[in-house]
Amino acid sequence: MAPSQRLRRAGLLALAVSSVFLLSACNPPSTAAENFPGVPTEADADVVDVDSGTDAAGDTEEPPSSEDGPVVVWWADGGQLALTISGSSTCPVIGDQIRVLEPAGEGNRVAIDLVEQPADQICTMDFVPHTTLFWTPTTVTTTEPLVVEVADTEVTVPVK
C-alpha cells in the first residue's frame with residue numbers, strides 16, 4: 001500500500017474516532033454528578049435565584065424547605081439541577097439517575113430515580129437534608145417550567 005493511502009486511512013480513522021468522542025460529549029451523563037450532606041450554598045457553586053418572590057400581601061416568601069418534601073432548583077446557571085431531600089443522616093435519600101420523560105416544548109418533564117436502601121439497614125432517627133446534583137439533560141430547557149417527578153411527588157422548577 002502506498003504511503004499516501006496509509007496516511008489517508010489513518011487520517012480518516014482518527015477523524016471517525018474523534019467524532020465519536022465529540023458526539024458523546026454533547027450529552028451529559030444521567031447519573032448523579034455529586035452528592036453531599038446538607039443544602040447547597042452560594043459557596044458551592046454559582047447559585048441561581050431561587051427566591052420564591054412575594055405573596056399577595058407583599059411579604060417575602062421563604063424558599064421551600066426540604067423538610068416539606070423534595071426540593072429541586074436550577075444550579076450552576078441552569079447547567080445542573082440540585083435535588084435536596086431530608087432523611088436519616090446514616091441512610092440519606094440519594095438521587096441515582098435522571099430521565100427525560102417529555103422534552104422541552106412537549107412538557108419539559110424529568111424523573112429522578114432514588115438509590116434503593118436495603119430493607120435491613122439500621123438508620124438513625126434524625127432528619128437532615130442531603131443534596132444530589134445532576135447535569136441538566138440537553139433536551140430540557142430552563143426557559144419553561146420544569147416538572148420533576150421524584151419520590152411519588154411532582155416538583156415544578158420555575159423558569160430560570
Could you tell me the separation between the OG atom of S30 and the CD1 atom of I112, rounded to the nearest 0.5 Å?
11.0 Å

Would you compute the distance between atom CG of L81 and atom CZ of F134 and round it to the nearest 0.5 angstrom?
8.5 Å

So CD of Q121 and CD of E116: to nearest 0.5 Å the spacing works out to 12.0 Å

Check the hydrophobic clustering (I, L, V, M, F, W, Y; side-chain heavy atoms under 4.5 Å; chains of links allowed) and say if V72 and L101 are grouped together.
no

Go through it in stages, so that I can follow the logic: the residues are V147 and N108, the test is side-chain contact (heavy atoms from CB on, under 4.5 Å), and I'd like the CA-CA distance, side-chain angles, deciding distance and then a yes or no.
CA-CA 6 Å; V147 178; N108 212 37; over 6 Å; no

Walk me through whether V155 and L83 qualify under side-chain contact (heavy atoms from CB on, under 4.5 Å).
CA-CA 10 Å; V155 178; L83 164 68; over 6 Å; no

Taking all non-hydrogen atoms of both residues into account, name the closest pair between T141 and A104 and its distance.
CG2-CB, 3.5 Å

Any side-chain heavy-atom pair from E34 and Q80 closer than 4.5 angstrom?
no

Quick one: which of T132, I94, V93 gives a side-chain contact (heavy atoms from CB on, under 4.5 Å) with L114?
V93

Within-4.5 Å side-chain heavy-atom neighbours: T136 and P28:
no

Closest contact, heavy atoms only, C123 versus T90
CA-OG1, 3.4 Å

Could you tell me whether the side chain of Q117 and the main chain of P92 form a donor-acceptor pair under 3.5 Å?
yes

Using a 4.5 Å cut-off on heavy atoms from C-beta on, say whether the side chain of V140 contacts that of P103.
no

Would you say that N35 contacts T131 through its side chain, given a criterion of any heavy-atom pair below 4.5 Å between the two side chains?
no

With the side chain counted from C-beta on, respond yes when P158 and P145 share a heavy-atom pair under 4.5 Å apart, and no when they do not.
no

Just how far is it from atom NE2 of H130 to atom OG of S88, taken to the nearest 0.5 Å?
11.5 Å

So for atom CG, which belongs to D152, do other residues, nucleotides or ligands contribute more than 12 heavy atoms lying within a distance under 6.0 Å?
no

Assess whether side-chain contact (heavy atoms from CB on, under 4.5 Å) is satisfied between D96 and T31, documenting all intermediate values.
CA-CA 6 Å; D96 185 36; T31 55; 5.7 Å; no

Show the nearest heavy-atom pair for residues P70 and A151, with the distance to one decimal.
CG-CB, 4.5 Å

Treat each ILVMFWY residue as a node, draw an edge where side-chain heavy atoms are under 4.5 Å apart, and state whether W74 and W135 are in one component.
no

Are any of the side-chain heavy atoms of L146 and T156 separated by less than 4.5 Å?
no

State, yes or no, whether a side-chain contact exists between R99 and V110 at a heavy-atom distance under 4.5 Å.
no

